[in-house]
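All heavy atoms count here, side chains included; hydrogens, waters and symmetry mates do not. Note that the structure is predicted; figures quoted are calculated from it, not measured.
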Amino acid sequence: MDIEQIYTGCLAQGAYYIHSDGEVAIIDPLREIEPYLKRAKTDKAKIKYIFETHFHADFVSGHVTLAKETGATIVYGPMADPSFDVLVAEDEQVFSVGKLQIKVLHTPGHTMESTTYLLKDEMGKDHAIFSGDTLFLGDVGRPDLAQKAADMTQEDLAGLLFDSLREKIMPLADELLVYPAHGAGSACGKNMMKETVDTLGNQKHMNYALRENMTREEFVKEVTDGLQPPPKYFPLNVKMNKEGYEDIALVLDRGTTKLSPEKFETIANDTGAIILDVRHQSDFISEHIPRSIFIGLDGSFAPWVGALIADVKQPILLVIPEGRAEETITRLSRVGFDGTLGYLEGGIANWKKSGRPIDTITSISGVDAEKEWASKKSWIFDVRKPNEFKAEHVENAQSTPLDFLNDYMSDFPEKDTFYVHCAGGYRSVIAASILKSRGIHNLIDIAGGYSALKNAGVPVTDYNCPTTLK
């Protein structure tokens, strides 16, 4: 038996490769399927099944393309209703993969079709569960993503999740391994652990949602408390996962088109494409195409694209670091953004050489910000998440979370200079680029973010441990 967790940090997502006796099962594959094909070829094995734990909202699965390339059967749990051929399994149905068995456990709650897969070893003994978004490490899946489609409230779904956990998962043996679909950083839960595999026994001991004496009412309240609105691209990814999508090879072919500055500018004007600059934030600060948006590859790239651009059909033109075109387009396609029309050949240097204008962002150190703030008492806007702000923030700063920046546009002063910061400098440059694209230029970015301001002596509030926050 061979189990490999293929973890993608940008999405905090785990896909799984299970091999036994020449047969392979893939669970929740990513959009790009080449790694699975190569691994199966190395193992001289045939991919027999593609198991999906549910219709994913935060990424586009590779199930459709992988099935087309391999002839493997796509398996969903009960109540799934995709637009393409799949095997909709019955609860407790068993599938053979080599000498192993995989048992279907229908565990609705996160979504109605959510399913956990129980893996039995060569001796028929329970070995692991692949819990999708039903059970995370330290948390459970949020119950608000499927309510519209299922015509149910999030409280109704939370109640179903309570039953699923207690009837299907908690009775299983403590020594079972738990392989979830996501880890810390995913928007599919609230408080996930950074670890990506654990025993079920430890989860029963430390996961708040698995408390043995917990009532249904307590569970519903705790699971639904403090949920932030889901990113706007989530339902669009669900739609792609249910209805199918364009082959990623075609997306890559179109997106890797090299464009001269003249062609780049013409396409931008003709299509209304967003110019997305994915270089490092320091490069963007120094020089960038006016009205372009920064979301750097070396941060949580794909989730921020999804949260801030939202519409997966939006045409996109790219400004990229040299040699990273295919990586950029692949990562965009993972969250359904297939509308990349090409990238600027020669980058910013070629843009400047053509005589076209560039823009910059004013960015200063925490020490310089402290001096200016102390003398002017200027506006400070904090674009970190609400719980980060509640834990500790600059005195008199205003919370304008990047996730929901559009809701705060009227809060930024029209003429007075103001400062923008995050935790370390990545999110604040994203925010600054969006503000500048809307014609707001009277801003200054704080390099190094909140930690730089605090270390420089800017007055901050008393620390409030995040575990006590409601």
Close aromatic pair by centroid cut-off 6.0 Å: [X] and [Y]:
X	Y	result
Phe294	Tyr426	yes
Tyr179	Tyr16	yes
Tyr408	Phe381	no
Phe84	His63	yes

Aromatic plane relationship, Phe284 with His288 - under 30° parallel, 30 to 60° tilted, over 60° perpendicular: parallel
Which class fits the ring pair His19 and Tyr17: parallel under 30°, tilted 30 to 60°, perpendicular over 60°? tilted
Quick check on side chain to side chain contact (heavy atoms under 4.5 Å, CB included): which of Glu218, Glu217, Arg216 does Phe162 satisfy it with? Arg216
Would one find more than 12 heavy atoms of other residues, nucleotides or ligands at under 6.0 Å from atom CD of Glu90? no
For Glu92 and Lys103, indicate whether the former's side chain and the latter's backbone hold a donor-acceptor pair under 3.5 Å. no
Is a side-chain donor or acceptor of Asn237 paired with a backbone partner of Phe234 at a separation under 3.5 angstrom? no
Looking at Pro180 and Ser131, what are the two nearest heavy atoms and their distance? CA-OG, 3.5 Å
Check Val24 against Ala45 and note the closest heavy-atom contact, atom names and distance. CG2-CB, 3.6 Å
May I ask you to test the Ser20-Asp2 pair for a side-chain heavy-atom distance under 4.5 Å? no
